[in-house]
Every structure is written in C-alpha cells, then in structure tokens.
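Here the structure comes first, spelled out in structure tokens, and everything after it is commentary.
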There are 2 protein chains.
Amino acid sequence: MNKKEAIFLLNKNGYKTTKRRKDILDFFANADGYRTAKELNDFMESRYEGISFDTVYRNLHLYHELGILEGTELKGEKHFRMKCGDHHHHHFICNDCGKTKKLDICPMDEVEALLKNFQVIGHKFEVYGLCPVCQNAS
Amino acid sequence: MNKKEAIFLLNKNGYKTTKRRKDILDFFANADGYRTAKELNDFMESRYEGISFDTVYRNLHLYHELGILEGTELKGEKHFRMKCGDHHHHHFICNDCGKTKKLDICPMDEVEALLKNFQVIGHKFEVYGLCPVCQNAS
DNA sequence: ATACATGCAAACAATTTGCATATTA
DNA sequence: TAATATGCAAATTGTTTGCATGTAT
C-alpha cells in the first residue's frame, strides 16, 4: 500500500482527503515498520498546533478498517504499519526501532493437516529481535 | 505447570500462599485455555464478597512474572493461561471458548536461516478459529 | 451548500498506586 | 511478630463520544 492507493481507497469510500490524513500517510510511508498511536501523535503535534489525540485515534481506526494499515500488539502497546498487500507473508519485527523484514515462509500448510476437526479462521506468526542497525547501536 | 508447582514457586520466591492465590490457580487449572482478567474477577467475585480488581491484577502480574502464567492478546484483550512448560510448542486457540490445542510444529528452524544478520529474541505463532465444540454450538 | 472532519471537553474503560488494615509464615 | 497480601479510594493511562465549528467536495 502506498499513499496514492490509500487516498484512492479513502475517496472511494466517501471519506475526504484532509491535510492531516495525508500527513498520517506520510508518517507511515516513511516509517517502514510498526509505530504506536503516541509516536504518530508526536509527529502530528510537530506539524499542527493543538492537534488532538482523538483525530489520531479516529484516523488510525479508519485506516485499519479500510485495510490501509495493519495492527499488532508489541510490548503491551498497539502498533500499526502500512499494509503490504501483495501476497501473504509474515514479518521479523525489530524490538528497538519497529522496522520489519518480510519473511516469505508461512507454516500454515503443515499446521492445517494437524487440525482436521477445527475450523481455522486466522493465524499470527511474528519473529522479534534486533535488526542489524539496532544491534550496533546498543 | 500445575497448582502444586505454582505454589512451590510462590514460596521459593518469598510470596505467601493465600486462599485467593490458590483459588486463582484453581481457576486457571480448570480453564484449560486463555482467560481474561475480567473472567477471573467474575469467578473470584462468586467466591469472595467484595474482592477487588486490584488483587486480580496484582496476582496476574505476579504469576506472569514468575512464569506460572503466560499471556497473549486476543481480540484486543489480554488473556492468560497456565503455562505448559514441558517443551517448546504453539497453540490453536478457539475464538469462542478460549481453549487451546497444542501444535507440535515450530517454523523457526526454517526462518532463522533467513535472518543471518538479525538477532532473534523471540517469536509468536498462534492459530485462531473454532474448536469442534464451538462449531456445533453456533 | 452539504457532508464529512476536527478540536474540545467530558466520559469511559482498563490498569496501577498509596495507605491503612488483615493475614500468613 | 514481622513481613506480605488485601481492600478501598484515588490516580493514571489509553481510548471513545457528543457537539459545535471548520473544511473539503
């Protein structure tokens, strides 16, 4: 997902492209990894005098609903990143900077065979650690 | 982990075995799956007039710290279950009842090969869906 | 012009803390 | 009895809502 596609999705669903919404997309486009509502709000505060947390939350929720962002829970906090929608995959996620690396492995084929009488609806596979950059920093 | 081992761990670390703590262990021993703080509190309220949420939270936190319980985020809420400590594995988790089925597959061997310059610290692999019982119920 | 978006304030929910009292070892 | 656990009330944090005003289409 990139900014242009996201704006198309917004308009298609009857939502307006405001300056704030575009800046939120810029933030995630540059982030290249998982970010919290707080981090986004800090960024937005640096651009707008008196922006409020509700705008941040409302738009995070909207973007998540529209499939522009995907969310996960890291270290007890909700994190979001731009959804990468090409094909199914999982991520390595850096504990320090939140950046991600795509993992082109999915264990579900093997697993489904073990779950004959169970209805599988979804799954989560995430690997955590330190990326090369953050290893050197610490 | 069973109740006896948990109490041993409590004492070993200088914590006392109160009636409430034993009941919390009973709750998780019978649950056989993931439960929320709210569900535990409801159970405790049925046994104690005027028990307070802080006792529940404090003990969940303590048990988690001691490795008696393990936690995960399901449907936006923190859930806990008795830790099963024999050998490394993952779980199928029923979206309805929270019960789990052990999955004796771990995809990490394959994955580590992809992460040569990354320091892997942990991982999460969970499968969600409906167990046979809950499929019939709905 | 109309409908949607935002800021503000307030509400709400989940979780944590300080302190006096009660309980365990 | 000495140290830990609990209940209560209040504080903290994260998130959501109603409403008047502002802005995009």
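Source: prediction; values computed, not measured. In what follows, every chain begins at residue 1, and chains take the letters A, B, ... in the order their sequences are listed.
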Per the under-4.0 Å heavy-atom filter, residues of residues 16-31 of chain A near DNA chain C come out as A:K16, A:T18, A:R20, A:R21
On DNA chain D, more 5' by nearest nucleotide between B:G14 and B:E49 is B:G14
Rounded to whole Å, the CG-C1' distance (B:L62 to D:dT6) equals 14 Å
Closest non-hydrogen atoms of B:M44 and B:V56, given as atom of the first, atom of the second and distance, are CG-CG2, 4.3 Å
>> Mind checking if B:T55 touches a base, just sugar-phosphate, or nothing, with heavy atoms under 4.0 Å?
In response: sugar-phosphate
A:N11 meets the side chain to side chain donor-acceptor pair (under 3.5 Å) criterion, sequence neighbours left out, with none
The complete set of ring-ring contact (aromatic ring centres under 6.0 Å, His included) pairs with one or both residues in residues 91-117 of chain B, sequence neighbours excluded, reads A:F118-B:F92, B:H89-B:H91
Per the under-4.0 Å heavy-atom filter, residues of residues 65-83 of chain B near DNA chain D come out as none
Residues at least two apart in sequence or cross-chain that pass ring pair (Phe, Tyr, Trp, His ring centres under 6.0 Å) with B:Y57, listed by chain then number, are B:F53
* To do: Decide side chain to side chain contact (heavy atoms under 4.5 Å, CB included) for B:F43 and B:I24; before the verdict, give the C-alpha distance in whole Å, the side-chain angles of both, and the deciding distance to 0.1 Å.
  => CA-CA 9 Å; B:F43 170 81; B:I24 292 175; over 6 Å; no
Going 5' to 3' through nucleotides 17-22 of chain D and flagging B where a protein heavy-atom sits under 4.0 Å of the base, S where only the sugar-phosphate is that close, and - otherwise, we get BB----
Q.
Does a side-chain N or O of A:N41 approach OP1 or OP2 of D:dG14 to a distance below 4.0 Å, or not?
A. no
Is the shortest side-chain N/O distance from B:Y57 to OP1 or OP2 of C:dT15 below 4.0 Å?
-> yes
What one should report as the nearest heavy-atom pair of A:C106 and A:H88 is SG-NE2, 3.4 Å
A:R47 CZ to C:dT6 P, in whole Å, measures 15 Å
Sorted by chain and number, sequence neighbours left out, side chain to side chain donor-acceptor pair (under 3.5 Å) with A:R35 holds for none
A:M44 atom CE is separated from C:dA5 atom C1', nearest whole Å, by 12 Å
Students should find that the end-to-end axis angle of the helix from C:dA1-D:dT25 to C:dA25-D:dT1, with five pairs defining each axis and rounding to 10 degrees, is 40°
Checklist entry - Quick one: does B:N41's side chain have a donor or acceptor within less than 3.5 Å of a partner on B:A37's backbone? => result no
A:K38 NZ to D:dT15 P, in whole Å, measures 12 Å
Checklist line | Modelled atom types, side-chain donor and acceptor of A:N59 and A:R21, under 3.5 Å | finding: yes
A:I121, A:M108: one ILVMFWY side-chain cluster at the under-4.5 Å cut-off?
no
In whole angstroms, the gap separating C1' of C:dC4 from CG of A:N59 amounts to 12 Å
Ordered by number, residues from residues 6-13 of chain A within less than 4.0 Å of DNA chain D (heavy atoms) are none
| message | Need one value for B:F53: base, sugar-phosphate or nothing, where a base atom within 4.0 Å counts as base even if backbone is also close, heavy atoms only. | response | nothing
For B:Y34, the other hydrophobic cluster members (4.5 Å side-chain criterion, sorted by chain and number) are B:L74, B:I93, B:Y128
Contacts of A:K3 meeting side-chain contact (heavy atoms from CB on, under 4.5 Å) (sequence neighbours excluded), chain-then-number -> A:I7, A:K22, A:L25, A:D26
On a heavy-atom basis, the closest approach of B:L69 and B:H64 is O-CD2, 3.5 Å
Taken to the nearest whole Å, OH/B:Y15 to C1'/C:dT23 is 17 Å
Hits for side chain to side chain donor-acceptor pair (under 3.5 Å) against B:D42, two or more places apart or cross-chain, chain-then-number order -> B:K38
Self-check item: Donor-acceptor side-chain pairing of B:T55 and B:R20 below 3.5 angstrom
Solution: no
Taking the six-membered ring where the residue is Trp, are the ring centres of B:H123 and A:H90 under 6.0 Å apart? no
